[in-house]
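One structure is given here, and the rest of the page talks about it.
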Amino acid sequence: MPELPEVETIVKRLKSELVGEVITRVEVKRAKSFQGNTKQLKGRRIVDVSRRAKLILIKLNQDNLLIHLKMTGQLILINDHKRLGGGHPSADWIGGLPSSHTRVIIYLMSGQVLYFNDQRVFGWIRQMSDQAVDQELAQYGPDIINVRVTAGYLYQRLQARSSAIKLVLLDSRVVAGLGNIYVCDGLFLAGINPQKKAKTVSLSQVTKLLTALKTVINRAIKLGGASINTYRQVDGLSGGYQDELLVYGREDMPCPQCGAKIERFKQGGRSTFWCRQCQR
DNA sequence: AATTATGTTGCGGT
DNA sequence: AACCGCAACATAAT
């Protein structure tokens with residue numbers, strides 16, 4: 001899934017394209033992917049698009065559409081059946097649209113069409129009231145790039161946890177927006193062993209860790225996210241961070257700092273990539 | 001055929 | 001309570 005940088009990239013583009021648009025029709029091709037009343041949504045105006053954690057919030061003049069892309073969700077916007085921004089067709093998205101992975105199609109008054117593709121069908125679009133949205137979002141800790149996340153805050157939260165630092169960073173109740181890619185790369189950049197118990201990470205290490213996490217996150221935002229597998233930007237093109245990965249997905253390749261082999265092992269059922277020389 | 005996959009939730013056991 | 005491993009969701013690629 002898209003992690004924070006990928007969702008942020010999508011949201012920025014959607015905001016500039018969709019604010020002021022009016023929904024003319026919502027077509028649900030897979031019931032599990034959409035919860036709401038499609039008839040009610042007809043005629044609703046999009047007043048804002050924003051991101052919180054890894055969620056996309058499309059605010060309407062009444063109600064909201066809250067979207068989670070989970071592992072394989074894509075939001076691709078087509079203008080009059082031409083891909084936004086032009087360019088020639090490529091392998092940058094999964095087939096023509098709608099594709100066999102298209103789960104929901106949102107038609108807009110201007111003629112633009114928003115496709116929600118989701119190969120694995122873990123993602124969803126939900127029509128929700130303001131109150132329901134607040135309730136849903138309240139369970140998340142602050143975003144990793146929120147100014148409220150200071151080294152002091154993070155240190156305090158880590159102190160309370162005896163599990164491995166890698167696993168605690170993936171806990172969205174502590175900080176939101178981080179996923180496997182950026183946690184692996186952030187821990188590498190900070191020189192911290194992913195297996196180190198969270199409560200044993202010193203304040204100066206936490207300071208370094210926070211800087212490292214923000215560095216990789218902001219770099220990835222600048223590059224339009226990491227297209228490892230199915231992630232695509234709103235125009236269907238790939239991001240660029242996949243070409244700058246430090247350790248994620250680089251098992252057996254040389255460490256960018258010391259040249260030792262990057263290793264992989266499982267934590268919480270998921271792959272952790274790291275350099276045992278550089279991360280202590 | 002088995003393993004892997006950017007996420008999250010929930011269950012049972014310790 | 002905190003923590004852990006594992007399964008579940010559903011699909012495709014290697």
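To find a chain, count down the sequence lines: A is the first, B the second, and so on, and within it residues start at 1. Remember, predicted model here, so these are calculated numbers, not experimental data.
Grouped by direct or indirect side-chain proximity (heavy atoms under 4.5 Å, Ile/Leu/Val/Met/Phe/Trp/Tyr only), A:Met109 sits with A:Val22. In this structure, A:Leu57 shares a hydrophobic cluster with A:Leu55, A:Leu66, A:Trp124, A:Met128, A:Val133, A:Leu137, A:Tyr140, the cluster being traced through Ile, Leu, Val, Met, Phe, Trp and Tyr side chains under 4.5 angstrom apart.
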Could you walk me through whether A:Arg264 and A:Asp252 pass the salt bridge (charged side-chain N to carboxylate O under 4.0 Å, His left out) check? CA-CA 8 Å; A:Arg264 177 168 75 121; A:Asp252 292 337; over 6 Å; no

Using side-chain contact (heavy atoms from CB on, under 4.5 Å), reason through A:Ile46 and A:Leu60 one step at a time and then give a plain yes or no. CA-CA 4 Å; A:Ile46 295 171; A:Leu60 307 175; 3.7 Å; yes

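For the strand DNA chain B, secondary-structure stems (runs of at least three Watson-Crick or G-U pairs, all distances below 3.5 Å) span B:2-5 with C:11-14, B:7-14 with C:2-9.
Both tests do not hold together for A:Arg103 against A:Phe116: distance to the six-membered ring centre under 6.0 Å, angle to the ring axis within 45°.
Taking every heavy atom of both residues into account, A:Asn193 and A:Ile165 meet most closely at O-CG2, 3.4 Å.
Pairs passing the ring-ring contact (aromatic ring centres under 6.0 Å, His included) check and including a residue from residues 177-206 of chain A, sequence neighbours excluded, read A:Tyr182-A:Tyr241.
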Can you check nucleotides 10-13 of chain B for protein contacts, nitrogen or oxygen pairs under 3.5 Å, and list what you find?
none

Please produce a list of atom pairs where a protein N or O lies less than 3.5 Å from an N or O of nucleotides 1-5 of chain B.
{"unit_1": "B:dA5", "atom_1": "OP1", "unit_2": "A:Ser271", "atom_2": "OG", "d": "2.5"}
{"unit_1": "B:dA5", "atom_1": "OP2", "unit_2": "A:Lys266", "atom_2": "NZ", "d": "3.0"}
{"unit_1": "B:dA5", "atom_1": "N3", "unit_2": "A:Arg120", "atom_2": "NH1", "d": "3.2"}

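The salt bridge (charged side-chain N to carboxylate O under 4.0 Å, His left out) test applied to A:Glu244 returns A:Arg219, not counting sequence neighbours. Judged as a salt bridge (charged side-chain N to carboxylate O under 4.0 Å, His left out), and not counting sequence neighbours, the contacts of A:Lys29 are A:Glu27. Qualifying salt bridge (charged side-chain N to carboxylate O under 4.0 Å, His left out) partners for A:Arg52, counting only residues two or more places apart in sequence or in other chains: A:Asp143.
Along DNA chain C, the stretch of nucleotides lying under 4.0 Å from any heavy atom of chain A spans, 5' to 3', C:dC3 to C:dA12.
Going from the P atom of C:dA10 to that of B:dA1 covers 22 Å, rounded to whole Å. Taking the C1' atom of each, C:dC4 and B:dA5 are spaced 22 Å apart, rounded to whole Å. The separation of C:dA1 from B:dT8, taken at their P atoms, amounts to 24 Å, rounded to a whole angstrom.
Between A:His68 and B:dT8 there is a side-chain polar atom (N or O) within less than 4.0 angstrom of OP1 or OP2.
When atom types are taken as modelled, the side chain of A:Ser227 and the backbone of A:Tyr231 share a donor-acceptor pair closer than 3.5 angstrom.
Rounded to whole angstrom, the span from the NZ atom of A:Lys32 across to the C1' atom of B:dG7 amounts to 12 Å. Put simply, NZ on A:Lys70 is 8 Å from C1' on B:dT9, counting in whole angstrom units. The separation between A:Trp124 atom CH2 and B:dT9 atom C1' is 12 Å, rounded to whole Å.
Contacts between residues 182-196 of chain A and DNA chain C, defined by a heavy-atom separation under 4.0 Å, are absent. Within residues 154-174 of chain A, the residues that have a heavy atom under 4.0 Å from DNA chain C are, in order of number, A:Ala160, A:Arg161, A:Ser162, A:Ser163.
As judged by a 4.0 angstrom heavy-atom cut-off over every strand, A:Glu251 is placed among residues making no nucleic acid contact.
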